[in-house]
Structures are given as structure tokens and as C-alpha cells.
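Residue numbers run from 1 in the order of the sequence given. Here the structure is a predicted model, which means the values were calculated and not measured.
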Amino acid sequence: MNEALQKKALAKLADTPRLNIGVHPTPIEELRRFQQTLGENAPRIFIKRDDYTGAGFGGNKVRKLDYVLAQAIRDGVDTVLTIGGEKSNHCRATAAMCARVGLDCVLILNRSSQTADEWKPASLVVDELVGAKVHLVDNRESRQTTMHSLAEDLRSTGKRVLEIPLGASMPLGALGYVQAAQEAAAQLEAMNVRVTHMFHSSSSGGTQAGLIVGAALCPLSEAKIIGVSPDDPSEAIAAEVSQVINGLKALLEISEASLHQEAVVLDDYIGEGYGIASAASSAALKNLARTEGIILDPVYTAKAFAGMLDWIKQGRLTRHDTVLFWHTGGQLALFYSH
């Protein structure tokens, strides 16, 4: 990307309102003890700790909501609605951040297929603690129509409503990861580290779209960005990523020719399905915890980490590479409460 276009896009990013209530920059740590378990031909592996972003136990959604809720406040919104599962990290972060800025929050959550008798998913407990109103539906397909219906009911009473899509994966939300790429690039430069690959969990597409655009605007432009699906086929997620990228290009006034990286999404590590741990993801979660004291989540980051490890096993990542793994949070999926 030429320098003039880059400066213009970064100026647009800097001028976009945000809440600035996340904990930034999040740390980047090298996984030295874990690397020792992988053999002499393994790459250097660093981890970006976006599980430390702040509100509602952190995670990648805090960065997205930083922009989305800032615009909502400017637009006079008083009530926010969004959708997800009972264990949704996005919904938990939305509820917590709405509480932080004084917005009413309504969550439309589909019931989990895996239940624990009278125990509630920890994320659902947090949703209720921070004051969100929760509407449970039976399946994922019902969430969107229920949100629209509730939003119309609220508007009819005079409420000013914002409907946030799944994962806040919209161009405005993806700006959070355009900014995150700038943050990581500055940290890595200070560490004198050149990254060849970035791995992360990719589901609703906003994080990956933001990283692709953000990397193009900074010294991370040569790093290959690899998303690992926890649920849907790679083609479906890549299409979502591309759609959000198109919106980002419009927001930042970036030309088509200036972006050279396509969305790469791996769907080989889903296992039996969304929210169901695989043998590889369980092993990855346990091994990282026992060597580094870092806890992944069983739904997203453990499967993404397992995908990265499989690439190392296959020889697709070697000692000539340096990997940055983005920990996007979600550890509460491991826990239940009364």
C-alpha cells in the first residue's frame, strides 16, 4: 500500500470515535517453555493476550464494541440488543460494556445443547449480574427474528434501539482489530520480532477482517493471517470476512488494489461441532496450561491453537517462521455456576 493511502486510512481510523475503556495494549508473550516441547524445528511462538482486554472478562469483542458503542452513544441510542449462545463471549462483553456506559442491554440467546442439570453457564451468570435482560430461544435460527421483533416492540414505546449483529462483526466493529494490528506491530517492532504468520479463531468474521486490513496498514503486511473455524465451513466464514473487509475499505477509503491478502480460513479442526471439544483441542488447552500457565477456551482458541500445532507437525511452520497467536478470550466457557 502506498504511503499516502496508508496515512489517509490511519487518519480515518484515528478520527473514528471510540470509548477507550479497554485495557490496551494487551501483552505479547513468548511461549518459551511450550516451544521446548515441540522439537528443534519448531517456530518461535508468541501470544497476544486479548483475553486481558477488560470489561466482562475481556476477549476480542471488547475491541469491537469500543467503536460500536461509541457511535451508539453519539446517535442517542438508549437500548442495545444482540444475539449469541448461552455461553456467548460477545453477549457477555456487550452486557458488561453497556453497564459501564449506562445503556440498557437485551440479549437473545439460544439454549446450549450441552447442559449441566441446574448449573448455569458462567457467561450467563455474568450477563444477569451486570443487568442485561435475557431472552432464551430454542435454536440459533430463531435469534435474529426474535431480536428484530423485540427491537420493534421497544421502538414502539419510544426507545432508541441499536441491533448489533452476531459477534459485532460489522465494519465499524472490525475497526477494533484494524487498531489492534497497529498496536501489535508497534509492540513487535520494539521487541525486534518479525512475524511470518498470525493464527486466531475465526467465526463471525470481524476479527479476521480487521486483522487483514490492519496488517496491510502497518509492518505486519507480509504476515500470513490464518483463521481457524470452530463451527462453519471455511467458504462461509471467508465470505463473511470478505463482506466486512469491503465495509472497512469504504470506512477507511482504501482501494481494492491495495489489499493483497485473501481470507484464509481452516475448517479442518472443528471436530464434532461447535462448542464440542476435540481430542486435539483438549490436548492443546492442557499442554499450554501446564507449560505456560495460560488458559485457552474450549470453543474457539483451543481449536485454533490445535490448528497451529498441526501445521507445525506437518512441517508447514518451521524454525524459520515466527508465529503470533491471538488469544481472543472465552475461558468462562469452561465454567458453570448456580
side-chain contact (heavy atoms from CB on, under 4.5 Å) evaluation trace for Arg49 with Ile294:
CA-CA 9 Å; Arg49 300 297 304 274; Ile294 296 173; 3.6 Å; yes

Where do Ser234 and Asp267 land on the side-chain hydrogen bond (donor to acceptor under 3.5 Å, both in side chains) test, with the steps shown first? CA-CA 5 Å; Ser234 57; Asp267 59 7; 3.3 Å; yes

Run the side-chain contact (heavy atoms from CB on, under 4.5 Å) test on Trp311 and Leu266 for me, step by step, so that the C-alpha distance in whole Å, both residues' side-chain angles and the decisive distance to 0.1 Å come before the verdict.
CA-CA 11 Å; Trp311 271 39; Leu266 311 179; 3.5 Å; yes

Before you tell me yes or no, could you show the steps for Glu253 and Lys12 under salt bridge (charged side-chain N to carboxylate O under 4.0 Å, His left out), namely the whole-Å CA-CA distance, both residues' side-chain angles and the distance that decides it to 0.1 Å?
CA-CA 8 Å; Glu253 299 183 10; Lys12 287 277 186 183; 3.0 Å; yes

Gln179 and Asp66: side-chain contact (heavy atoms from CB on, under 4.5 Å), yes or no, with the steps?
-> CA-CA 11 Å; Gln179 190 279 330; Asp66 206 31; over 6 Å; no

Go through Asp153 and Lys159 one step at a time and tell me if the salt bridge (charged side-chain N to carboxylate O under 4.0 Å, His left out) criterion holds.
CA-CA 9 Å; Asp153 290 345; Lys159 293 289 187 180; over 6 Å; no

Quick one: do Asp50 and Thr328 satisfy side-chain hydrogen bond (donor to acceptor under 3.5 Å, both in side chains)? Show the steps, please. CA-CA 5 Å; Asp50 268 12; Thr328 50; over 6 Å; no

Evaluate the criterion side-chain contact (heavy atoms from CB on, under 4.5 Å) for residue pair Ile83 and Cys91; output intermediate values, then yes/no.
CA-CA 7 Å; Ile83 61 175; Cys91 289; 5.6 Å; no

(message) Is there a salt bridge (charged side-chain N to carboxylate O under 4.0 Å, His left out) between Glu222 and Arg194? Walk through the geometry before answering.
(response) CA-CA 9 Å; Glu222 295 183 5; Arg194 177 182 170 274; 3.2 Å; yes

Test salt bridge (charged side-chain N to carboxylate O under 4.0 Å, His left out) on Arg111 and Glu86 and set out the steps. CA-CA 6 Å; Arg111 293 178 175 87; Glu86 276 187 308; 5.8 Å; no

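Tyr177 carries Arg63 over the face of its six-membered ring, with the cationic atom under 6.0 Å from the centre and within 45° of the normal. Both tests hold for Arg140 against Tyr274: distance to the six-membered ring centre under 6.0 Å, angle to the ring axis within 45°.
Side-chain atoms of His90 and Thr82 include a donor-acceptor pair closer than 3.5 Å. For the 3.5 Å distance criterion, the side chains of Lys64 and Thr207 qualify, holding a donor opposite an acceptor. For the 3.5 Å distance criterion, the side chains of Arg33 and Thr291 fail to qualify, holding no donor opposite an acceptor. A side-chain donor-acceptor contact under 3.5 Å links Asp231 and Ser203.
The backbone N or O of Ser201 lies less than 3.5 Å from no partner atom in the side chain of Gln208, so there is not a single donor-acceptor pair. When atom types are taken as modelled, the side chain of Gln6 and the backbone of Leu217 share a donor-acceptor pair closer than 3.5 angstrom. Judged by distance alone, the side chain of Gln187 and the main-chain N or O of Thr26 form a donor-acceptor pair under 3.5 Å. Checked by atom type and distance alone, the side chain of Ser142 never pairs as donor or acceptor with a backbone atom of Asp138 at under 3.5 Å. With hydrogens and angles ignored, the 3.5 Å screen pairs no side-chain donor or acceptor of Lys61 with any backbone N or O of Ala93. Judged by distance alone, with hydrogens and angles left aside, the side-chain atoms of Asp297 form a donor-acceptor pair with the main-chain N or O of Val299 at under 3.5 Å. Between the side chain of Ser149 and the backbone N or O of Thr145, no donor-acceptor pair lies under 3.5 Å. Without hydrogens or angle criteria, Thr53 side chain to Gly59 main chain gives a donor-acceptor distance under 3.5 Å. Within the 3.5 Å criterion, the main-chain N or O of Ala306 finds no donor-acceptor partner in the side chain of Asp310. Counting only distance, with no hydrogens or angles, the side chain of Asp232 and the backbone of Ala236 share no donor-acceptor pair below 3.5 Å.
Atom-to-atom distance recorded for Thr79:OG1 and Arg160:CZ is 11.0 Å, nearest 0.5 angstrom. Interatomic distance, Leu162 CG to Leu69 CG, rounded to the nearest 0.5 Å: 7.5 Å. A distance of 10.0 Å separates CD in Gln331 from CZ in Phe57, rounded to the nearest 0.5 Å. Taking OG1 of Thr318 as the start and CG of Asp321 as the end, the distance is 4.5 Å to the nearest 0.5 Å. Considering NZ of Lys303 and CG of Leu285, their distance stands at 12.0 Å, rounded to 0.5 Å. A distance of 11.5 Å separates CG in Leu166 from CD1 in Ile108, rounded to the nearest 0.5 Å.
The shortest side-chain heavy-atom distance between Pro165 and Met170 falls under the 4.5 Å cut-off. Proximity of Ser229 to Val265: side-chain heavy atoms (C-beta onward) are separated by under 4.5 Å at one or more points.
The pair Lys48-Glu183 meets the salt-bridge criterion, since a charged nitrogen lies less than 4.0 angstrom from a carboxylate oxygen. The residues Glu292 and Arg32 are annotated as not salt-bridged, no charged nitrogen and carboxylate oxygen being separated by less than 4.0 angstrom. A salt bridge does not link Glu262 to Lys224: none of the charged side-chain nitrogens sits closer than 4.0 Å to a carboxylate oxygen.
Residues Leu220 and Ala184 approach most closely at CD1-CB, 4.4 Å, considering heavy atoms. Nearest heavy-atom pair across Val161 and Ala151 is CG1-CB, 3.9 Å. A pairwise comparison of heavy atoms in Cys105 and Ala95 identifies SG-CA, 3.7 Å as the closest pair. Minimum interatomic distance between Leu175 and Leu252 (heavy atoms only, all atoms of both residues): CD2-CD2, 4.0 Å. In terms of heavy atoms, Leu332 sits closest to Ala122 at O-CB, 3.8 Å. Ser281 approaches Ala302 most closely through the heavy-atom pair O-CB, 3.6 Å.
At most 12 heavy atoms of other shown residues, nucleotides or ligands fall within 6.0 angstrom of atom CZ in Arg290. Within a 6.0 Å sphere centred on CD of Gln314, heavy atoms belonging to other residues, nucleotides or ligands number more than 12. The local environment of CD in Glu29 is crowded, with over 12 non-hydrogen atoms from other residues, nucleotides or ligands closer than 6.0 Å.
Both Ile45 and Ile47 belong to a single network of hydrophobic side chains, linked directly or stepwise wherever heavy atoms of I, L, V, M, F, W or Y lie under 4.5 Å apart. One hydrophobic cluster, built from ILVMFWY side chains closer than 4.5 Å, cannot hold both Ile212 and Val264; they sit in different ones. Residues Val130 and Val101 do not share a hydrophobic cluster, defined by chaining ILVMFWY side chains whose heavy atoms lie under 4.5 Å apart. Val195 and Ile226 are assigned to two separate hydrophobic clusters, defined by single-linkage of ILVMFWY side chains at heavy-atom distances under 4.5 Å. Residue Met198 is not grouped with residue Leu317 when hydrophobic side chains (ILVMFWY) are merged at heavy-atom distances under 4.5 angstrom, including chains of intermediate members.
Among the candidates Phe34, Tyr269, Tyr300, the single residue satisfying the ring-ring contact (aromatic ring centres under 6.0 Å, His included) test with Phe305 is Phe34.
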